[in-house]
Amino acid sequence: MEGLVPLAEARAAFREELQVAADAEAAKAKADPAHVPAEPRPLRRVAGRIVQHRDLGKLVFVWLRDHTGDLQVSISKAGVSAADFELAKALDYGDIISTEGPVGRTNKGEVCVWAKSLALQCKSLAPPPGKWHGLEDAETRYRRRYVDMWATPRTMATFQARSRIVSLVRRFMESRGFQEVETPMMQPLAGGAAARPFVTRHNALDMELFMRVAPELYLKRLLVGGMPRVFEINRNFRNEGVDRSHNPEFTAMEAYEAFGDCWTMLELTESLVHEAAVEMAKGREDAGPGPALPFGELRVNYAKPFVRVTFGELFERGAGFSMFDEAKVRAEALKRHVADAAKLDHWLLVEALFEIVGEPLIDPLRPTFVTDWPSAISPLTRPRRDDPRLCERWDIFIAGMEVGPAYTELNDPDIQREKFTQQLAGIDDEESTFRTLDEDFLESLKVGIGIDRLVMLLTDSPSIRDVILFPLLKRS
RNA sequence: GAUUGCGUAGCUCAGUCGGUAGAGCAGCCGGCUUUUAACCGGCAGGUCCUGGGUUCGAGUCCCAGCGCAAUCACCA
């Protein structure tokens, strides 16, 4: 601790009446480049964490950082008390100080608060990570996010963007007449999606419980109970693998509307994603018209309308033959070494082939709705009246990622049960355990949007761990 | 779960053919009143991820384990 301000001194400097009159960004805006501050120049009181410290002898420059950005403060020996100047020289990276003084500029034009006084608010005891590399080690960034947040400005910006997006989604859904609800995270049966659940248990009730894989079953019950339009923004938990676009817990917005159809939900999703992109494009120099936002090497254009293409058309373009041609589908599946191709049902082969030959044809630069999925692989979805082989379901793909599905819920209990059982016949036992039959029926339409993936796309984040504050890691 | 890569100072990284553990920044001491990765002089700083093995000698080669990353599988 040599050279550091003694703890007792730091504690003495901690003043409860701290008043932050203006944050760093406000002070900077006050000092418009063209504007010469009138005398007497306005005093600003600012506080922040020190991210630069240059001691020139009788003049000390520091940069303060808060959630809005960085601001320079200059402390001259002649401008402050002897004690304050000693403090200024002893400051370390990571310390939090408050200071007060007139806003001005340095000879080099840098906006700057010329300190008249300063106070240490919080002493940093641990050496911070590098001042210009930021924190680059992924493991440290995820495990010690609170360090990453101030050491890496982009991290702070990403999570501020996430808050804005979630807020926008909530306001958007409310403006469309949807009511926000909360449904159980711990469920006696994990239903609503074909996924492996986490198992937990309630001791007093001596009861096995599952962390939900989807809110679907409960949201539908709310429709049965008389709420016509509901949505929930909350976590789902799936006991599956982890990769760049999968975290064991993830946030989804799921919405249900009674008596709607899936084409109105398509328009709603299109507008929602578009508006979120417009919000993110604000004040961004790298955003183009549309708006177009960068995602890695791509520039995704969110201009309305989004691309619409049918499942069958994509399949046929990729495979070279119709998905209804059972012989060709089977031959192609065998040729491409689809797992268990000999045993699987025709439509499960179509589904597998679609992923191989169809999905790659989707333009990653344009949000794309893939519509009219085969009924046989969507057992809970209402078939189209004009062609019952197809159903009222779409999925939206952006930059090669599946962001969310929507479908019209089947409301005939007998047909549903029959198709469900039928589909299970083509699936191995372990997986079928976790497909739970839905017992509540009402005509409705559903949409689910993966919030994490949407945030990834709109903030140009390559990994889902970059948009989740505390992603799951193994114990170190 | 499988494959591949990575793990060296607080941070970012070098480390050659197996031969005394290195740099920049951060830290400490000194100097400097307009710096923008400030600069100048000096000092200090190591469980080379962990455990075995080969060798006269291992950061380096071999085996096992742990963690992270990418790809694949599962899934959204």
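Chain letters run A, B, ... following the sequence lines, proteins first, then strands; residues in each count from 1. Values in this document were obtained by computation on a predicted structure and should not be read as measured data.
- At a threshold of 4.0 Å, the pair Glu232(A)-Arg212(A) counts as salt-bridged, since one of the basic side-chain nitrogens sits closer than that to a carboxylate oxygen.
- Across all strands shown, G27(B) forms a Watson-Crick or G-U wobble pair, both distances under 3.5 Å, with C43(B).
- Using a 4.0 Å heavy-atom distance criterion, Arg244(A) is classed as a sugar-phosphate-only contact.
- For the pair Lys474(A) and G67(B), the criterion of a side-chain N or O lying under 4.0 Å from OP1 or OP2 is met.
- Nearest nucleotide to the Ala138(A) side chain, out of C68(B), A76(B), U34(B): C68(B).
- Residue Leu473(A) places its side chain closer to C68(B) than to any other of A73(B), C68(B), A76(B).
- Residue Arg238(A) places its side chain closer to A76(B) than to any other of U34(B), U36(B), A76(B).
- Residue side chain Phe250(A) meets the stacking definition with respect to A76(B): its ring centre sits within less than 5.5 angstrom of the base's six-membered ring centre, and the planes differ by less than 30 degrees.
- Under a 4.0 Å N-O distance rule, the pair Arg145(A)/Asp148(A) qualifies as a salt bridge.
- Between the C1' atoms of U54(B) and G42(B), the separation comes to 44 Å (whole Å).
- On the C1' atoms, C63(B) is 28 Å away from A73(B), given to the nearest whole Å.
- Taking a pair to require two hydrogen-bonding distances under 3.5 Å in either a Watson-Crick or a G-U wobble arrangement, A70(B) pairs with U3(B).
- Under the side-chain contact (heavy atoms from CB on, under 4.5 Å) test applied with Ile398(A), the options Leu298(A), Thr368(A), Leu457(A) reduce to a single match, Leu457(A).
- A salt bridge is defined here as a Lys NZ or Arg NE, NH1 or NH2 lying under 4.0 Å from an Asp or Glu carboxylate O, and Lys116(A) with Glu100(A) fails to meet this definition.
- No engagement by Ser74(A) is indicated, since no non-hydrogen atom pair under 4.0 Å with the nucleic acid exists.
- Comparing G10(B) with A26(B), their C1' atoms sit 7 Å apart, to the nearest whole Å.
- Look at the C1' atom in both U34(B) and G30(B): the space between them is 22 Å, to the nearest Å.
- An OP1 or OP2 oxygen of C68(B) is reached within less than 4.0 angstrom by a side-chain nitrogen or oxygen of Arg143(A).
- Counting any heavy atom pair closer than 4.0 Å across all strands shown, Asn236(A) reaches no nucleic acid atom.
- Separation of the P atoms belonging to U16(B) and A58(B) is 16 Å when rounded to the nearest angstrom.
- Contact check, Arg465(A) against A69(B): a side-chain N or O comes under 4.0 Å of OP1 or OP2.
- When Watson-Crick and G-U wobble pairs are counted only if both distances are under 3.5 Å, U34(B) pairs with no nucleotide at all.
- Checking A69(B), U33(B), U36(B) against every side-chain atom of Leu59(A), the shortest atom distance belongs to U33(B).
- Applying the 3.5 Å distance criterion, the base of U36(B) shares a donor-acceptor pair with the side chain of Thr106(A).
- Between Trp373(A) and Phe354(A), the ring centre distance stays below 6.0 Å.
- On the P atoms, C62(B) is 26 Å away from U71(B), given to the nearest whole Å.
- When both pairing distances are held under 3.5 Å, A58(B) makes no Watson-Crick or G-U pair with any nucleotide shown.
- Nucleic acid contact class of Glu139(A) (heavy atoms, under 4.0 Å, all strands): sugar-phosphate only.
- Base pairing annotation: U50(B) forms a Watson-Crick or G-U wobble pair with A64(B), both donor-acceptor distances under 3.5 Å.
- Put simply, the side chain of Asp137(A) and the base of C6(B) share no donor and acceptor less than 3.5 Å apart.
- Side-chain atoms of Asp395(A) never come within 3.5 Å of backbone atoms of Thr371(A) as a donor-acceptor pair (strictly under, hydrogens ignored).
- When each of Gln72(A) and Glu402(A) is assigned the nucleotide of RNA chain B bearing its nearest heavy atom, the one mapping closer to the 5' terminus is Gln72(A).
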Could you walk me through whether Leu91(A) and Asp55(A) satisfy the side-chain contact (heavy atoms from CB on, under 4.5 Å) test, starting with their C-alpha distance in whole Å, then the side-chain angles of each, then the deciding distance to 0.1 Å, before giving a yes or no?
CA-CA 10 Å; Leu91(A) 290 170; Asp55(A) 178 357; over 6 Å; no
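- In this structure, A9(B) makes no Watson-Crick or G-U wobble pair, since no nucleotide meets both defining distances under 3.5 angstrom.
- Within the 4.0 angstrom heavy-atom criterion, only backbone atoms of the sugar-phosphate kind lie near Gln52(A); the bases stay farther away.
- When the C1' atom is compared between G19(B) and C13(B), the two are found 24 Å apart, to the nearest whole Å.
- Contact annotation for Gly241(A): base contact, defined as any heavy-atom pair under 4.0 Å involving a base atom.
- Contacts of Asp452(A) with the nucleic acid, taken as non-hydrogen atoms under 4.0 Å apart, are absent.
- Of the nucleotides present, none pairs with U16(B) by Watson-Crick or G-U wobble criteria with both distances under 3.5 Å.
- At a threshold of 4.0 angstrom between heavy atoms, the contacts of Asn239(A) with the nucleic acid are absent.
- The side chain of Glu136(A) lies closest to U12(B), out of U12(B), U34(B), U36(B).
- Here the side chain of Glu254(A) pairs no donor or acceptor atom with the backbone of Val447(A) at under 3.5 angstrom.
- One P atom belongs to U60(B), the other to G18(B), and the distance between them is 11 Å to the nearest Å.
- Using a 4.0 Å heavy-atom criterion, one finds that Ala78(A) contacts the bases of the nucleic acid, with or without backbone contacts as well.
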